[in-house]
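In what follows, a structure is listed as structure tokens, so that the remarks can point back to it.
Residue numbers begin at 1 in each chain, while the letters A, B, ... track the order of the sequences. What you see is a predicted model; the values in this text were computed from it and never measured.
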Amino acid sequence: MRPPSKSQFALVDGNNFYVACERVFNPLLENKPVVVLSNNDGCVVARSQEAKDLGIRMGIPFFEVKHLIQSHNLLWFSSNYTLYGDMSARLMSLLGEFSPHQEVYSIDECFLDFGGMTRDPIAYAQAIRKKTKRYLGLPTCVGIGSSKTLAKLANHIAKKRPSYSGVFDWGACDNLSADSLMAQIQVGEVWGVGRRLNQQLQAMQIRTVRDLKYAEASLIRKQFGVVLERTVAELNGVPCLALEDTQSAGNIRKQQIISSKSFGKPIQHIQELREAVVSYTVRAAEKLRQQNSMCTHISVYIRTNPFSQKNPPYSNSITLPLILSSNDSRRLSQLVCVGLEQIYRPNYFYKKAGVMLLGIHPENQFQGNLFEPNHLQSRQQQARSQILMKTIDQLNQTYGQSTLMLAGAGLYAHWRMQAKQRSPNYTTAWNQLAQAQAN
DNA sequence: TCTGGGGTCCTAGGACCC
DNA sequence: TCTGGGGTCCTAGGACCC
């Protein structure tokens, strides 16, 4: 029996998204095993179907599959987030036309509100797929269900079972066949069941999606908390998670902003670490200003390579409060350097550092400092800082990133990460388009 | 040689208050 | 000597997601 709820969600997800983006501009990649790597060319983060068929697992370190380049003509790319981000924006804007409400959930997927739809949802979803393929060259799959969790699961089925032609709708399926389908899917595939929960559920003989759907809610609540209890309700068609409308782009304000990266090679000296964390801070502060916010705390961390056998491990972090909220790159960088001094230990080989902005609030809720001897002066400084930062942002936007930067970020940046095979920015830079043609 | 980066939410426990 | 109960707020840490 279907629940009385009228809510319907569709989850549209790009297939092998990063690989698909590369293929749009390079048709020679079609029908070949292709992978896209994480930053620093570290791990495999996207695989074409052919690469999956070679047994390349998601997240596997690249060096473990490098031999397939020779033996199976595996093709690989460094990640090009400028390209994927731009393609994503186009995809989301196109998908947004298909529903009054859209939640952009990640770079390659979004929920659409299918509630109260009078048309045949499957035909409608097929129309969506056709349009994204024709306009953007991107293949997608669509899952439809009365809760977000069911829509995610439906999308999984649409992807794994070609017989559904890329669209699966729980509504087209009676209870009995829905249950038997769920009995064929591992519980770990459910949205919200990660590695840890999977292990614990297995131990309780909850092995398939169907097992979880019919697990006793009170028991789940007691053992695992409200989050999984909600998941169980959602599997039963009771929507607990609302669609968070992100269609009007301005309303997403991040609660924390992180900028962190591994280094191309390990570094030892504090001066180089300082350059790295200052440049991350500048990047984070830019993001902060982009959403018209300020922060009250900043946190910095450093760590050695945890996989290294020969060097001793060390990692540490520190969170420092700002006396006055700020989004000024200079002030934040100063504080980050103070923090770095406190956690830095000599004689270690550092592999990664990061900066986190916390206590984020809108710019216009600026709190003056009561104890500031000259309150008015601090207001004026604040205003000048805003103007300077806006100017820097504009210049960098117009003339390219790092046109203007803090000297502390370092001019040479020997620690910068590796990206040996990045594709051109086909959609965002005229000069790189020309380069693509020449190739 | 080579192992990503950027987020969210929830909970437990301590500090502090009356 | 004896030392309550209930509330809020904050932070750290753990789980999850892509």
Side-chain angles (χ1 to χ4, degrees), chain A residues 11 13-18 35-46 57-67 69 76-81 84-85 88 103-111 148-149 152 155-156 188-201 221-231 240-241 244 246 252-266 280 283-284 287-288 291 296-297 299 301 303-311 313 315-321 349 351-360 417-420:
Chain A
L11 181 76
D13 189 326
N15 301 346
N16 316 327
F17 186 67
Y18 297 167
V35 293
V36 174
L37 306 181
S38 65
N39 279 336
N40 251 328
D41 297 338
C43 296
V44 172
V45 291
R57 290 196 324 273
M58 180 68 177
I60 194 172
F62 181 47
F63 68 84
E64 290 183 24
V65 295
K66 237 173 176 170
H67 61 276
I69 299 172
W76 64 279
F77 289 86
S78 305
S79 43
N80 182 347
Y81 286 106
Y84 313 147
S88 170
E103 175 183 343
V104 176
Y105 179 68
S106 77
I107 192 161
D108 72 336
E109 62 190 302
C110 74
F111 289 101
K148 286 163 94 175
T149 304
K152 282 284 271 190
N155 189 279
H156 172 83
E189 302 292 345
V190 173
W191 189 39
V193 178
R195 227 186 62 228
R196 276 308 269 282
L197 278 176
N198 188 23
Q199 275 175 13
Q200 293 172 33
L201 289 169
R221 167 91 192 223
K222 216 175 85 193
Q223 289 265 328
F224 302 102
V226 292
V227 182
L228 196 63
E229 188 192 20
R230 276 203 290 256
T231 299
C240 302
L241 303 168
E244 286 161 43
T246 47
I252 332 154
R253 175 168 271 126
K254 301 237 157 62
Q255 297 170 31
Q256 54 179 234
I257 291 172
I258 299 173
S259 176
S260 74
K261 275 185 196 64
S262 308
F263 308 130
K265 52 184 108 174
Y280 300 167
R283 178 81 195 96
K287 288 195 218 166
L288 187 63
Q291 58 169 39
T296 62
H297 289 74
S299 165
Y301 76 88
R303 71 161 166 76
T304 57
N305 183 353
F307 302 102
S308 172
Q309 302 289 325
K310 50 180 208 275
N311 296 316
S315 76
N316 205 350
S317 72
I318 188 170
T319 302
L320 296 169
F349 291 90
K351 185 65 175 140
K352 184 176 181 182
V355 165
M356 237 169 121
L357 307 183
L358 306 159
I360 291 174
M417 66 176 189
Q418 297 186 18
K420 289 191 179 153

Give me the first and last nucleotide of DNA chain C, going 5' to 3', that has any atom under 4.0 Å from a heavy atom of chain A.
->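 Listed 5' to 3', the contact boundaries are C/dA15 to C/dC18.
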Over all strands shown, is [X] touching base, sugar-phosphate only, or nothing at heavy-atom distances under 4.0 angstrom?
X	answer
A/N40	nothing
A/F307	base
A/Q256	base
A/I257	sugar-phosphate
A/E109	sugar-phosphate
A/V190	sugar-phosphate
A/D41	nothing
A/L197	sugar-phosphate
A/K310	nothing
A/K287	sugar-phosphate
A/T319	nothing
A/K152	sugar-phosphate

Using the side-chain contact (heavy atoms from CB on, under 4.5 Å) rule, pick out the option among A/N39, A/L37, A/N40 that qualifies with A/S79.
-> A/N39
Considering all heavy atoms, the nearest [X]-[Y] contact:
X	Y	result
A/L241	A/K148	O-CD, 3.4 Å
A/K254	A/Q291	N-OE1, 2.8 Å
A/S260	A/G354	CB-CA, 3.4 Å
A/I60	A/R57	CG2-O, 3.2 Å
A/Q256	A/I360	CA-CD1, 3.6 Å

From [X] [atom1] over to [Y] [atom2], what is the distance, rounded to the nearest 0.5 angstrom?
X	Y	atom1	atom2	answer
A/F17	A/N15	CZ	CG	11.0 Å
A/T149	A/R230	OG1	CZ	10.0 Å
A/K310	A/N305	NZ	CG	8.5 Å

Is the A/Y84 ring parallel, tilted or perpendicular to the A/Y18 ring (thresholds 30°, 60°)?
-> parallel
C1'-based separation of B/dC17 from C/dG4 [nearest Å] = 14 Å
Dot-bracket for DNA chain B, 5' to 3', with Watson-Crick and G-U pairs under 3.5 Å, [ ] for crossing pairs and | for other-strand pairs: what is it?
-> ....||||||||||||||
Comparing A/Y18 and A/Q255 on DNA chain B - which has the more 5′ nearest nucleotide =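 Result: A/Y18.
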Relative to the 5' end of DNA chain B, which residue comes earlier, A/K261 or A/V227, by the nucleotide with the nearest heavy atom?
->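 With A/K261 and A/V227 compared, the 5'-side residue is A/K261.
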